[in-house]
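Single-structure report; data block below.
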Amino acid sequence: SNLFSGHFYADIFKGIEDAAYAEGYTLILGSADENLVKEQKLLNSLVEHQVDGVIVAPMDKKGRKSFETFKKENTPIVFVDKYIEGFPADRVVTDNWLGGKLVAEYLWSLGHKDIAFCKGVGWNNTSTYFREQGFVSCLKKQGVNSLEGITFPRSLDNAMEYGYQAVKKRLEQGSVSFTAIFCFTDNIAAGCVYALLKAGFRIPEDISVVGYNDDDFCKYHPIGLTTVAQPKYEMGKKAAELLLARCQGKGDAKYREITLRPKLVLRESCSVSPSAKM
């Protein structure tokens, strides 16, 4: 959906490339830039090129129609990171519900009761949906109902800019009660941190920030970003292995779902809630 906005899909692609190259396959690469029309054109182009198989991270969890042509042509598809609900295909994902739950449990353990979250662009996909469900449902079980969604009215291709503009707009609207923000990607979190610092907030003393993906910059940022790590390279490698098996007639009769486990990586962007210190 957006290969060039950060390290996440680049790392997945590296796993795909290594596995495909080892078997003598070459790759055609395309990025839809969070644009459904462009995604459809890319898929049509792959059909015209008569590719042996397709690995795709679809933008919309209900966008089944875009992939029906591959089914008619008997071209194998493997979904990676995201998938189309109900579409018959192999897929490799991480447990996003668990990832959201890990963030919720951690912020709760630090005494945060007023929490905001920022999903960003491209929200109508399975990864974001389950991430939010795990996060919100866990906090509601703890009795936390003060969850504020931070959004920006315009779609921006750059996730860092989106995070910055969304939080900046929220701060301009008046005082905030939340003591922590969960950003659904590290790029969004980077923009969020920038907006908070420019507005005079201290991180993590005033507001804690959590990202998602564990991109390379997280540990090198002046404020090390607490985040949820996904095994990105492994995800890409396993997706390629599933597709190669289909292309070579070795795939299982039943479609496979491989779900990898995320893990919480603790750094310096979170601390005990200011209200819990009183």
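- Within 6.0 Å of CD in Gln173 there are more than 12 heavy atoms belonging to other residues, nucleotides or ligands.
- Judged by distance alone, with hydrogens and angles left aside, the side-chain atoms of Ser269 form a donor-acceptor pair with the main-chain N or O of Val209 at under 3.5 Å.
- Across every non-hydrogen atom of Pro58 and Asn125, the tightest pair is O-CB, 4.3 Å.
- Looking at Asp186 and Phe8, their side chains never come closer than 4.5 Å, going by heavy atoms from C-beta outward.
- Within the model, atoms CZ of Arg256 and CD of Glu241 stand 9.5 Å from one another, a figure rounded to the nearest 0.5 Å.
- Residues forming a side chain to side chain donor-acceptor pair (under 3.5 Å) with Glu161 (at least two apart in sequence, or on another chain): Gln165.
- Proximity of Leu42 to Leu46: side-chain heavy atoms (C-beta onward) are nowhere separated by under 4.5 Å.
- Inspection of the Gln40 and Asn44 side chains reveals an N or O donor paired with an N or O acceptor under 3.5 Å.
- The distance from the NE2 atom of His112 to the OG atom of Ser208 is 3.5 Å, given to the nearest 0.5 Å.
- Scanning both residues, Ile150 and Ala116, for their nearest heavy atoms gives CD1-CB, 3.7 Å.
- Using a 4.5 Å cut-off between side-chain heavy atoms of Ile, Leu, Val, Met, Phe, Trp and Tyr, with links allowed through other members, Ile28 and Tyr25 fall into different hydrophobic clusters.
- In terms of heavy-atom proximity, Leu139 sits nearest to Trp108 at CD2-CB, 4.4 Å.
- With sequence neighbours excluded, the residues satisfying salt bridge (Lys or Arg N to Asp or Glu O under 4.0 Å) with Asp90 are Arg246.
- The line from CD1 of Ile188 to CG of Asn158 is 10.5 Å long, rounded to the nearest 0.5 Å.
- At a threshold of 4.5 Å between non-hydrogen side-chain atoms, the residues Leu196 and Leu171 count as touching.
- Legend: salt bridge (Lys or Arg N to Asp or Glu O under 4.0 Å) pairs involving residues 131-140, not counting sequence neighbours, sorted by first then second residue: Lys119-Glu132.
- The backbone N or O of Ser31 lies less than 3.5 Å from a partner atom in the side chain of Lys38, making a donor-acceptor pair.
- For residues 130-152, the pairs satisfying ring pair (Phe, Tyr, Trp, His ring centres under 6.0 Å) are Phe135-Phe182, with sequence neighbours left out.
- Under a hydrophobic-cluster definition in which Ile, Leu, Val, Met, Phe, Trp and Tyr are linked whenever side-chain heavy atoms come within less than 4.5 Å, directly or via other members, Leu107 and Leu266 are assigned to the same cluster.
- For the salt bridge (Lys or Arg N to Asp or Glu O under 4.0 Å) condition, the pairs that include at least one residue of residues 13-31, sequence neighbours left out, are Lys14-Asp18.
- The ring pair (Phe, Tyr, Trp, His ring centres under 6.0 Å) pairs that include a residue from residues 217-258 number zero, where partners must be two or more places apart or lie in different chains.
- Listed by first then second residue, pairs satisfying ring pair (Phe, Tyr, Trp, His ring centres under 6.0 Å) with a partner in residues 51-82 read Phe67-Phe79, Phe79-Phe87, not counting sequence neighbours.
- Remark: Ile207 CD1 to Ser271 OG distance equals 11.0 Å, nearest 0.5 Å.
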Are Gln230 and Tyr212 close enough, and set up right, to give a side-chain contact (heavy atoms from CB on, under 4.5 Å), and what steps lead you there? CA-CA 8 Å; Gln230 298 196 74; Tyr212 206 102; 3.5 Å; yes
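- Note: Glu85 CD to Asp60 CG = 9.0 Å, rounded to the nearest 0.5 Å.
- For the atom pair CZ (Arg91) and OG1 (Thr259), the distance works out to 7.0 Å, reported to the nearest 0.5 Å.
- Two residues are said to be in side-chain contact when any heavy atoms from C-beta on lie closer than 4.5 Å; Leu243 and Pro76 meet this criterion.
- Scanning all heavy atoms of the two residues, the minimum distance from Asp114 to Ser177 falls at CB-O, 3.5 Å.
- Nearest heavy-atom pair, Lys82 versus Ser127, reported as atom, atom and distance to 0.1 Å: CG-OG, 3.5 Å.
- In the hydrophobic clustering of this structure, Val56 groups with Ile84; members are Ile, Leu, Val, Met, Phe, Trp, Tyr whose side-chain heavy atoms approach within less than 4.5 Å, directly or through other members.
- Just one of Asp95, Thr94, Val93 meets the side-chain contact (heavy atoms from CB on, under 4.5 Å) condition when paired with Leu260; it is Thr94.
- Ser273 places no side-chain N or O within 3.5 Å of a backbone atom of Leu110 that could act as its donor or acceptor partner.
- Phe117 and Leu225 are not part of a single hydrophobic cluster, where members link through side-chain heavy atoms under 4.5 Å apart.
- Take Asp214 and apply the salt bridge (Lys or Arg N to Asp or Glu O under 4.0 Å) test, not counting sequence neighbours, and it matches Arg267.
- Within the 4.5 Å cutoff, the side chain of Thr69 has no heavy atoms near those of the Leu43 side chain.
- Of all heavy-atom pairs spanning Ser45 and His49, the tightest one is O-ND1, 2.8 Å.
- Applying the side chain to side chain donor-acceptor pair (under 3.5 Å) test to Thr75 and every residue at least two apart in sequence or in another chain returns nothing.
- No donor-acceptor distance shorter than 3.5 angstrom exists from the side chain of Asp252 to the backbone of Lys254, with no hydrogens or angles considered.
- For the pair Lys232 and Asp215, the minimum side-chain heavy-atom distance is below 4.5 Å.
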Before you tell me yes or no, could you show the steps for Ile223 and Leu197 under side-chain contact (heavy atoms from CB on, under 4.5 Å), namely the whole-Å CA-CA distance, both residues' side-chain angles and the distance that decides it to 0.1 Å? CA-CA 11 Å; Ile223 304 173; Leu197 292 176; 4.2 Å; yes
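- Contact of the Asp81 side chain with the Tyr9 side chain is registered, since non-hydrogen atoms from C-beta on lie closer than 4.5 Å.
- Cluster membership check: Tyr106 shares its hydrophobic cluster with Val144, using side-chain heavy-atom separations under 4.5 Å among Ile, Leu, Val, Met, Phe, Trp and Tyr.
- In this structure Arg261 satisfies the salt bridge (Lys or Arg N to Asp or Glu O under 4.0 Å) test with no other residue, sequence neighbours excluded.
- In this structure, the salt bridge (Lys or Arg N to Asp or Glu O under 4.0 Å) partners of Glu148, at least two apart in sequence or on a different chain, are Arg170.
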Which atom pairs, one a donor and one an acceptor, fall under 3.5 Å between side chains of residues 97-105 and the rest of the protein, sequence neighbours left out?
| from | atom 1 | to | atom 2 | distance (Å) |
| --- | --- | --- | --- | --- |
| Lys101 | NZ | Glu105 | OE2 | 2.5 |

